[in-house]
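Shown next, in structure tokens, is the structure this report addresses.
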Amino acid sequence: MKYYYTIKEIIKKKKKIINKKVRIKGWVKYFRNNLFLEINDGSTIKNLQVVLKKKNKEKINIGITIEVLGKLIFKSNNKDIEIIPLYIKIFGKIDINFFNNSILQNKYHSLSKLRKQSYLRFRTKIFSSIIRVRHNLSILIHNFFCNKNFFYINTPIINNYDTEGAGNMFNVTTLNIKEKYKNYKKDFFGCKANLTVSGQLEAESAMLGLCRIYTFGPVFRADNSNTNKHLSEFWMVESEVMFFKLNKIIKLSEKLIKFLIKKILINCIEELNFLNNYNNNKLINLLNNIINNKFIKISYNKVIKLLNNYKKNIIKWGDDIGSIYEEILFKKIFNNNIPLIIYNYPKIIKPFYMKINKNNITTKSFDILLPYIGEIIGGSERENSYKKLFLRLKELKMNIKNISWYLNIRKLGTIYHSGFGLGFDRLVQFITGMKNIRDVIPFPRYPKNI
RNA sequence: UCCUCAAUAGCUCAGUUGGUUAGAGCAUCUGACUGUUAAUCAGAAGGUCGUUGGUUCAAAUCCAACUUGAGGAGCCA
């Protein structure tokens, strides 16, 4: 006999091990009629029922950790399985007063209540399902890139430059507040340091030796954003590819999103069915809609025209396409829940490193917008001329001292290349149908909350 | 950061124009129950009404500030 099975394994192998002895370890989720125990061990959304023959010697409460050795049998319907125990061991008892004040009590709790006890959320059906989906998506991202011969690069979390246009930064210092304003030379790194807002610049330099690379790590933004789709600490996938022009990087992005959704619908179908139910049965249809349709590709100019045709003077050329316009595009103009690829944004609303078109007004850039949550991917062809990049930085009055290395790579055998960044937590949010991004990351960080 | 709304028992919520001792359901605890799956039945316990200040003979209720949450905007991924 195997030492112990996960519940997932037992359900999968039930025909082979029926009427045999099995051992499981997990938590008591329900205890009914003094006889029926439901055990969950986190391996799957499903519980396994244990039926006591007589009252157990030791007291059983919901929430305790338990080991059961018993015989696996079919229920009277000859389909579902349950365990008749031979031996029960209780490991982790509970403090009932503490339990009653926790979200573990067998009751409906709002998502914001679960968030207040984020260290216990993993024991709930909904949050453990989200985390299993998140885990699978992480693995799939590596699979996708690995199959295409991309290399995974770890870019630094602490750095010393300011990528303007990517939000405010958190300082990293060992000086106290009074000392800090005196002299950064005395600080730990001998200069002003901050948590990174993006790994892109380092990713580009890695690409110059490895050709096709991606990063997957945390980034930090000190923006005072209080919304359901922003976090102060979030995870981003960034990819940089040599010899790719705009069209090719757009195609790669579309393929990535479709690959992830297609595979997650297989790997996590039980979790997604549960989440589908949680979302008025609209989630699975929405996900299928994404993988079965070609994304709509449309230029920024055309989007402005469409919006102004919808309602006169609703938006000016040069404005960013904010969330109210996204909603009009998805619900009023296209009304089909197919992702939108918007390309050739004006240079005034895009960062310095994006390649500018011959008209000197628009950039070789693109965003992919998903219904309900908006921008999920932003990318572009990168400027590879040293001179143009230098002039652009001067034009934006940016400090180039700490990114001179980034400029210099343009002098050392670079050629056209492109890249994109994908907001991982927003992707998990979209795929799980959660309304708030704080509910798809284990320990969310946002203003006034740590 | 701005706008709107909210905070009452462990949870989800009632609580009338300010007026006796602030209620219910579920969860918990005690007891009963060999086929339950949101189990059921009987009983018990559980609250400084988010915090601080103010108005009033009297505040869960009215006012102010703060804290936290929800929705929307901006910033963005």
Side-chain angles (χ1 to χ4, degrees), chain A residues 29-39 46-56 59 61-63 73 75-77 80 82 84 94-117 120 124-125 163-169 196-200 217-238 253 319-327 349-351 367-370 373-379 420-430 435-441 446-449:
Chain A
K29 290 285 280 188
Y30 300 102
F31 186 34
R32 290 183 292 265
N33 212 1
N34 242 351
L35 293 172
F36 302 97
L37 286 165
E38 274 198 45
I39 312 293
K46 287 184 177 158
N47 301 328
L48 187 54
Q49 181 164 278
V50 172
V51 186
L52 302 182
K53 282 290 177 192
K54 56 187 178 189
K55 200 170 176 179
N56 199 55
K59 181 148 177 63
N61 299 91
I62 292 172
I73 60 161
K75 285 187 184 179
S76 51
N77 67 7
D80 300 324
E82 61 186 16
I84 305 296
I94 54 162
D95 177 326
I96 199 73
N97 287 327
F98 195 73
F99 182 82
N100 283 345
N101 285 312
S102 82
I103 56 166
L104 294 180
Q105 66 163 280
N106 189 12
K107 271 288 297 173
Y108 168 78
H109 302 277
S110 63
L111 291 167
S112 57
K113 181 61 80 177
L114 297 187
R115 215 178 294 140
K116 282 180 184 164
Q117 295 180 31
L120 293 174
T124 64
K125 197 172 183 181
T163 314
E164 251 179 68
N168 296 310
M169 299 182 300
T196 189
V197 293
S198 158
Q200 191 205 309
V219 292
F220 308 85
R221 307 271 167 98
D223 298 327
N224 193 5
S225 297
N226 293 289
T227 80
N228 59 3
K229 53 178 192 172
H230 287 87
L231 290 166
S232 309
E233 177 181 304
F234 64 98
W235 286 67
M236 193 148 73
V237 176
E238 294 177 277
S253 308
D319 287 347
D320 212 346
I321 298 163
S323 51
I324 49 166
Y325 304 112
E326 287 174 2
E327 202 177 322
I349 53 171
K350 286 294 175 188
D367 283 356
I368 298 185
L369 312 186
L370 292 179
I373 65 161
E375 190 181 345
I376 184 84
I377 281 183
F420 68 84
L422 174 144
F424 180 64
D425 309 271
R426 277 192 191 170
L427 184 74
V428 180
Q429 188 189 358
F430 179 75
K435 291 209 172 66
N436 198 319
I437 199 166
R438 296 165 186 177
D439 296 325
V440 304
I441 184 166
Y446 49 95
K448 304 270 163 64
N449 192 288

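In what follows, chains are A, B, ... by sequence order, proteins preceding strands, each numbered from 1.
- As judged by a 4.0 angstrom heavy-atom cut-off over every strand, A:Ile376 is placed among residues touching the sugar-phosphate backbone only.
- Nucleotides B:G71 and B:U12, compared at atom P, are 15 Å apart to the nearest Å.
- Going from the C1' atom of B:U17 to that of B:A24 covers 25 Å, rounded to whole Å.
- Closest to the A:Glu82 side chain, of the nucleotides B:G35, B:G10, B:G69, is B:G35.
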Watson-Crick or G-U pairs under 3.5 Å in RNA chain B, rendered as dot-bracket with [ ] for crossing pairs and | for another strand:
(((((((..((((.....[...)))).(((((.......))))).....(((((..]....))))))))))))....
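- Residue A:Arg438 places no side-chain N or O under 4.0 Å from the OP1 or OP2 atom of B:U68.
- If you check every strand for non-hydrogen atoms under 4.0 Å, A:Asn61 touches sugar and phosphate atoms only.
- In this model, no side-chain donor or acceptor of A:Asn47 finds a partner on the base of B:U37 within 3.5 Å.
- Base orientation of B:U34: syn, the glycosidic angle falling within 90° of 0.
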Output one line per pair: protein atom, nucleotide atom from nucleotides 40-46 of chain B, and distance, for all N/O pairs under 3.5 Å.
none

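- Contacts of A:Ser76 with the nucleic acid, taken as non-hydrogen atoms under 4.0 Å apart, are absent.
- A salt bridge between A:Lys46 and A:Asp80 is absent, with no side-chain N of the basic residue lying under 4.0 Å from a carboxylate O of the acidic one.
- For the pair A:Lys113 and B:C11, the criterion of a side-chain N or O lying under 4.0 Å from OP1 or OP2 is met.
- For the C1' atom pair drawn from B:C13 and B:G18, the interatomic distance equals 22 Å after rounding to whole Å.
- Comparing B:G35, B:U68, B:C76 against the side chain of A:His230 picks out B:C76 as the nearest.
- Within the 4.0 Å cut-off from OP1 or OP2 of B:U28, not a single side-chain nitrogen or oxygen of A:Asn100 is found.
- The phosphate of B:G72 (OP1 or OP2) has a side-chain N or O of A:Asn228 nearer than 4.0 angstrom.
- Between B:U68 and B:U8, the distance separating the two C1' atoms is 16 Å to the nearest Å.
- Regarding contacts with the backbone of B:A39, a side-chain N or O of A:Arg32 is found under 4.0 angstrom from either OP1 or OP2.
- The shortest distance between the side-chain N/O atoms of A:Ser323 and the OP1/OP2 oxygens of B:G72 is not below 4.0 Å.
- Taking 4.0 angstrom as the limit, A:Tyr108 places none of its side-chain polar atoms (N or O) nearer than this to OP1 or OP2 of B:G25.
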